[in-house]
Each structure stands twice: as C-alpha cells, then as structure tokens.
Amino acid sequence: MSDRPLHESGDPSAEVLPGSTGSCGLLTAEPVDPLVGSRIDAYLARHPGGAERLIPLLHLAQATLGYLPVAVQEQIAARLGLPLVQIHGVVSFYHFFNTTPRAKYQLKVCMGTACFVRRAQALTEAIRQVLGVDPGSVTKDGLFGLDEVRCLGSCGMAPVLTLDDDTHGNLTPGDARKLVFGLQARARRQRVPEPSERVDE
Ligand code: FES
C-alpha cells in the first residue's frame, strides 16, 4: 500500500490522489453544478436516513444534469459518508445511469453473458466503424453515444442493444449498421442549416 493519505471513509481503494481535489478529497474532473448540489441537499433534508438514499439521489442528479460525472458521484459519496468506489460500482452496474453526457441517440450494446456468447462485440464493432467512436463516448456533433452495458434483461433476444428506451434484439452486425444508417438519415433530414448555408429565396 502506498503512503498516500487515505480517503475519509478509510477505504484503501479510495486513496486521496495528488492534483485538484473535490469535496471528498478525490481527484475531480470538473466542478459540481450548483443546481445539482442544492437539489441533493434539499432531498437529504427531506429524507433523513442512510445509504438507502443512494439510488434516488443518483436518479435525482441524473435527471438534473443528464448524466453522472465523477464530481457529482464524489459529492453524493461525501454527503452519504460512503466510499466513492461504492458509488461508482452502483453507477456502472445499472444500465440506466450514464457517466458521460447523453447524445441525441444513445446506443447501448449489451455485454451480458447471453449477448456476449452470441457475438455482441461484433455489434459494437459494426457501430464503432460507422460512427468512429469507442464505447463510452459521443460523436463530435453530439448526435450519437455508444456504450457497452451489462444484462439488459432481454436475454431471450440476444444479442441485444437499446436505442434510448427501445430494445432491439436478435441483431446481426448488418442490422446494427442499418439501424445507425437510418438514424443518420433521420438526423440529416432534421438538421437545421447554418445561417451561412441558407439560400436567399
Ligand atoms: S445478457 Fe444481454 S440482455 Fe441479458
């Protein structure tokens, strides 16, 4: 074990790291949005209790900000007196929590066992090739996000992916490509031209 100071929780996996530090002493990627902070505080004041408030707080923070950056996870960890590693474990376990900003079209490929053995990774690869993004990231235009997640609860249709709230199953890589091409075409139809692109009537 290193001689770095420990996180206040005493959890050795949550050592204090050098660099800019956040509210609970861990490295912070960005400042906490004040609106999220005030809503967290208001919720805690209305609902005294313990760690059972974690999931509702995560939902609240995500509903406010759209996703759960490290700084927000830190703040929730500090407020509940839980190690950050525990918060991160919960966030990464549930597919409905996002740690990156949501894209207009959010694609989540299931990597649970049933999907994995039916070549779900080929779906990820097909989408990655079309969009040029790796899992966990968003295209530069903010239109498409790609994630790999655990079981989505539709194992009978493996391999499975979700597009926002819709589940698509029994997919081949070609199906995944076709789905993305269709979304790209829809995005092009809906695109509002830049002022410099408009032709005077
Ligand atoms: S393993 Fe993919 S839906 Fe269950």
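This one's a predicted model, so the numbers in the text were calculated from it and none came from an experiment. For ligands, and for the atoms within them, numbers begin at 1 and follow the listed sequence. Numbering starts at 1 and runs along the sequence shown.
- At a cut-off of 3.5 Å, with distance as the only test, no side-chain donor of Asp41 or Ser38 sits close to an acceptor on the other residue.
- Screening Leu65, Leu57, Leu44, Thr64 for a side chain to side chain contact (heavy atoms under 4.5 Å, CB included) with Arg39, the sole residue that qualifies is Thr64.
- Cluster partners of Leu35 are absent, since no Ile, Leu, Val, Met, Phe, Trp or Tyr has side-chain heavy atoms less than 4.5 Å from it.
- Taking 2.8 Å as the limit, the number of protein N, O or S atoms around atom 2 (Fe) of ligand 1 is 2.
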Task: Audit row: Leu171, Val160, side chain to side chain contact (heavy atoms under 4.5 Å, CB included) steps and yes/no - done: CA-CA 7 Å; Leu171 295 174; Val160 167; over 6 Å; no
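- Side-chain contact, Gln121 with Glu125: no donor N or O sits under 3.5 Å from an acceptor N or O.
- The aromatic rings of Phe97 and His59 lie tilted to each other, with the angle between the two planes from 30° to 60°.
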